[in-house]
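Naming convention: chains lettered A, B, ... in sequence-line order (proteins, then strands); numbering from 1 in each chain. Keep in mind that the numbers below use all heavy atoms, side chains included, and drop hydrogens, waters and symmetry copies.
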2 protein chains.
Amino acid sequence: MDGLATLPRLETVLERLEGSAALEDMQDIIVGLRDAFGVDHMVYHWVNGNGDQYGCGTYAPEWVERYLEQGYLRIDPVVLGCFQRFHPVDWKRLDWSSKAARAFQKEAMDYGLGNQGYSIPIRGPNGQFALFTVNHRCDDPDWATFCATKRRDLILVAHYFNQKALEFEPGRIPEQGQALSPREVEAITLLAVGYSRAQAAGELSISEHTLRVYIESARFKLGALNTTHAVARALSRGLIVV
Amino acid sequence: MDGLATLPRLETVLERLEGSAALEDMQDIIVGLRDAFGVDHMVYHWVNGNGDQYGCGTYAPEWVERYLEQGYLRIDPVVLGCFQRFHPVDWKRLDWSSKAARAFQKEAMDYGLGNQGYSIPIRGPNGQFALFTVNHRCDDPDWATFCATKRRDLILVAHYFNQKALEFEPGRIPEQGQALSPREVEAITLLAVGYSRAQAAGELSISEHTLRVYIESARFKLGALNTTHAVARALSRGLIVV
DNA sequence: TTTCAACTCCCCAGAAACAGCGAGGGGAGA
DNA sequence: TCTCCCCTCGCTGTTTCTGGGGAGTTGAAA
């Protein structure tokens, strides 16, 4: 935790981030950041609505591979917890009570992760979601000190890192050319809050058939296989809010 | 734009933000921030999916009233533009081409807004969306200098301001009932990605009826009226990740 | 040990959603 | 002007989902 002394000025870090020119640089940069902050691990983990993931960081490749293979995304308390939170969170404040979570934590530590963690959720339009995580092995007081002193720097670094990562991933930015029309949004929203088609049609004062046209149109635009899928995608992409 | 000299240390500003105790303080703080940054206006504008809005800032009350009355939220190029963006944006880079946008801009300036603006989008779970905006009247070079030098401070201030505003927001009740069982999570997740019940049952290697029991159980736990509603609620509450 | 929640399986009838065909009016932008 | 998208409405048949029953095993917590 003595990395604080050797941490380059934040300006320098951010400028290097802004000046980097290729996706491969991101891995180098995050290693540099990890060393600069003097922690065991630093990770950037991006998730989109389709379940695609991208990440770079300093976790052991074996752990990353296992994480992906086992679909740990769906049980990872860090992801699940941050997904519902607005702000950066210390891992200690997450919910580790379930058996699956404890097993996950134990396995992660077997692969070299530390006992402390701090994750910053980052969001974009259309449900874009990413995590910037710092992981370390140390006792609680040291960790609390680190978080308190480095919180602001980490927020800025996470922000800039995400910005840079997005520049190299044009395909990651969802095809937003298919925005839903206002009526489609209303229709999908009503279904998402539990209305049946007939009820939704009544609420919008249109025929049920017309409502159905909106649903079908929205389904097509969202590339959804059925109505439930369409509602889920609209929610994931932030096109509707319930 | 000479406010830069009088700007208190960022630490001081953030600490005052963290220490504020009541929603009414927010208005005082943002006025102080406006003066500290030496700009004409500074505004925090929070929007949720239901069309509810909350804001504080230094725009003329007449303008705010008119904005709300006319439902300008739906045509405001700043809101529309930032909603689709990941990162802070200069108003010059927004799309002002439509007739409605130009009329809106002209009217805003009649109410005392400056010609320059810089807005920072802020997002939370469940589509929470807020804007932190700086507005000023000056020429382009001065504005560019201001943005370049103050960008990082503004990002942090926006972040902390949003965090504080959310503490006072009663509408953001956690409302997490009982958690779903692992099987229920799997079932709901598969439906959310477009599987039919039969497909989902096949994927989980269980009978369709068993799958149905999970769906019904999840529906009950989530207080949902139908399957689509259950999927929407599970997504909104971050119980599943799609 | 008992209890309880989770997991697994089966039947049936009615309600709802799906998929495909069609049509016309209106407004904004090229 | 003309095109394209949005909004509105109708019909028919097939597939799927919903909601009401009941019943057995397992494992973990009380």
Side-chain angles (χ1 to χ4, degrees), chain A residues 75 97-103 176-234 239, chain B residues 74-75 77 80 95-104 177-233 239:
Chain A
I75 64 163
S97 62
S98 82
K99 201 163 41 179
R102 293 203 169 278
Q176 60 198 19
Q178 297 288 13
L180 299 182
S181 76
R183 262 335 211 186
E184 287 160 358
V185 170
E186 290 181 288
I188 294 285
T189 301
L190 287 175
L191 294 187
V193 296
Y195 284 55
S196 71
R197 295 202 304 197
Q199 289 173 323
E203 183 73 17
L204 296 178
S205 302
I206 56 177
S207 76
E208 182 176 345
H209 177 270
T210 299
L211 183 103
R212 227 190 62 197
V213 175
Y214 296 147
I215 307 294
E216 284 176 13
S217 173
R219 213 165 48 214
F220 175 75
K221 288 181 179 176
L222 295 167
L225 298 168
N226 54 45
T227 300
T228 298
H229 193 195
V231 168
R233 287 205 153 174
L239 302 176
Chain B
R74 310 255 171 231
I75 64 163
L80 296 179
D95 176 20
W96 297 92
S97 62
S98 82
K99 203 163 34 179
R102 293 203 169 276
F104 171 81
Q178 37 189 330
L180 300 181
S181 77
R183 266 328 214 189
E184 287 160 359
V185 169
E186 290 180 289
I188 294 285
T189 300
L190 288 174
L191 295 188
V193 296
Y195 283 57
S196 70
R197 293 202 306 198
Q199 289 173 322
E203 183 73 17
L204 296 178
S205 302
I206 57 178
S207 75
E208 182 176 342
H209 178 269
T210 300
L211 183 103
R212 225 190 64 194
V213 175
Y214 296 147
I215 308 293
E216 284 174 14
S217 174
R219 215 166 44 215
F220 174 75
K221 288 180 179 176
L222 295 167
L225 298 169
N226 53 47
T227 301
T228 298
H229 192 195
V231 169
R233 286 203 154 176
L239 301 175

Could you give me the CA-CA distance, side-chain angles and deciding distance for V185(B) and I75(A), then say whether side-chain contact (heavy atoms from CB on, under 4.5 Å) is met?
-> CA-CA 10 Å; V185(B) 169; I75(A) 64 163; over 6 Å; no

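- Computed from coordinates, the R219(B) CZ to dC17(D) P distance equals 12 Å when rounded to whole Å.
- The phosphate of dC7(D) has OP1 or OP2 within less than 4.0 Å of a side-chain N or O from S181(A).
- Nearest heavy-atom pair across A232(A) and A192(B) is CB-O, 3.3 Å.
- Candidate nucleotides dC7(D), dT8(D), dC17(D) were compared by shortest atom distance to the side chain of P182(A), and dC7(D) ranks first.
- Neither OP1 nor OP2 of dC7(C) sits under 4.0 Å from any side-chain N or O of T210(B).
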Starting from the C-alpha separation in whole Å, work towards a yes-or-no answer on side-chain contact (heavy atoms from CB on, under 4.5 Å) for I188(B) and L239(B).
-> CA-CA 10 Å; I188(B) 294 285; L239(B) 301 175; over 6 Å; no

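- Atom-to-atom, CZ of R183(A) to C1' of dC9(D) comes out at 13 Å; the value is rounded to the nearest Å.
- The distance between atom CZ of R212(A) and atom C1' of dG10(D), rounded to the nearest whole Å, is 10 Å.
- Positionally, the nearest nucleotide of DNA chain C for H209(B) lies more toward the 5' end than for the other of H209(B) and N226(B).
- Between the P atom of dC17(D) and the CD atom of E216(B) lies a distance of 13 Å, rounded to the nearest Å.
- Regarding E208(A), its CD atom lies at a distance of 9 Å from the C1' atom of dA17(C), rounded to whole Å.
- In this structure, of dC21(C), dC10(C), dC7(D), it is dC7(D) that holds the atom nearest to the side chain of Y214(A).
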Pairs under 3.5 Å (Watson-Crick or G-U), crossing ones as [ ], inter-strand ones as |: DNA chain D comes out as ||||||||||||||||||||||||||||||

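- Among the nucleotides dT8(D), dC10(C), dG10(D), the one closest to any side-chain atom of S207(A) is dG10(D).
- Note on T227(B): every side-chain N or O is 4.0 Å or more away from OP1 and OP2 of dC17(D).
- A salt bridge links R212(A) to E216(A): at least one charged side-chain nitrogen sits closer than 4.0 Å to a carboxylate oxygen.
- The main-chain N or O of L211(A) is never found under 3.5 Å from a side-chain atom of R197(A) such that the two would form a donor-acceptor pair.
- Atom CG in L211(B) sits about 15 Å away from atom C1' in dG19(D), given to the nearest Å.
- dT16(D) atom P lies 17 Å from atom NE2 of H229(A), rounded to whole Å.
- Dashed line: the shortest gap from a side-chain N or O of K221(B) to OP1 or OP2 of dA5(C) is not under 4.0 Å.
- Remark: the backbone N or O of L204(A) is paired with a side-chain donor or acceptor of R183(A) at under 3.5 angstrom.
- Nearest heavy atoms, N226(B) versus Y195(A): ND2-O, 4.0 Å.
- Between R197(A) and the phosphate of dA17(C), there is a side-chain N or O to OP1/OP2 separation shorter than 4.0 Å.
- Here the P atom of nucleotide dA6(C) and the CD1 atom of I188(B) are 14 Å apart, to the nearest Å.
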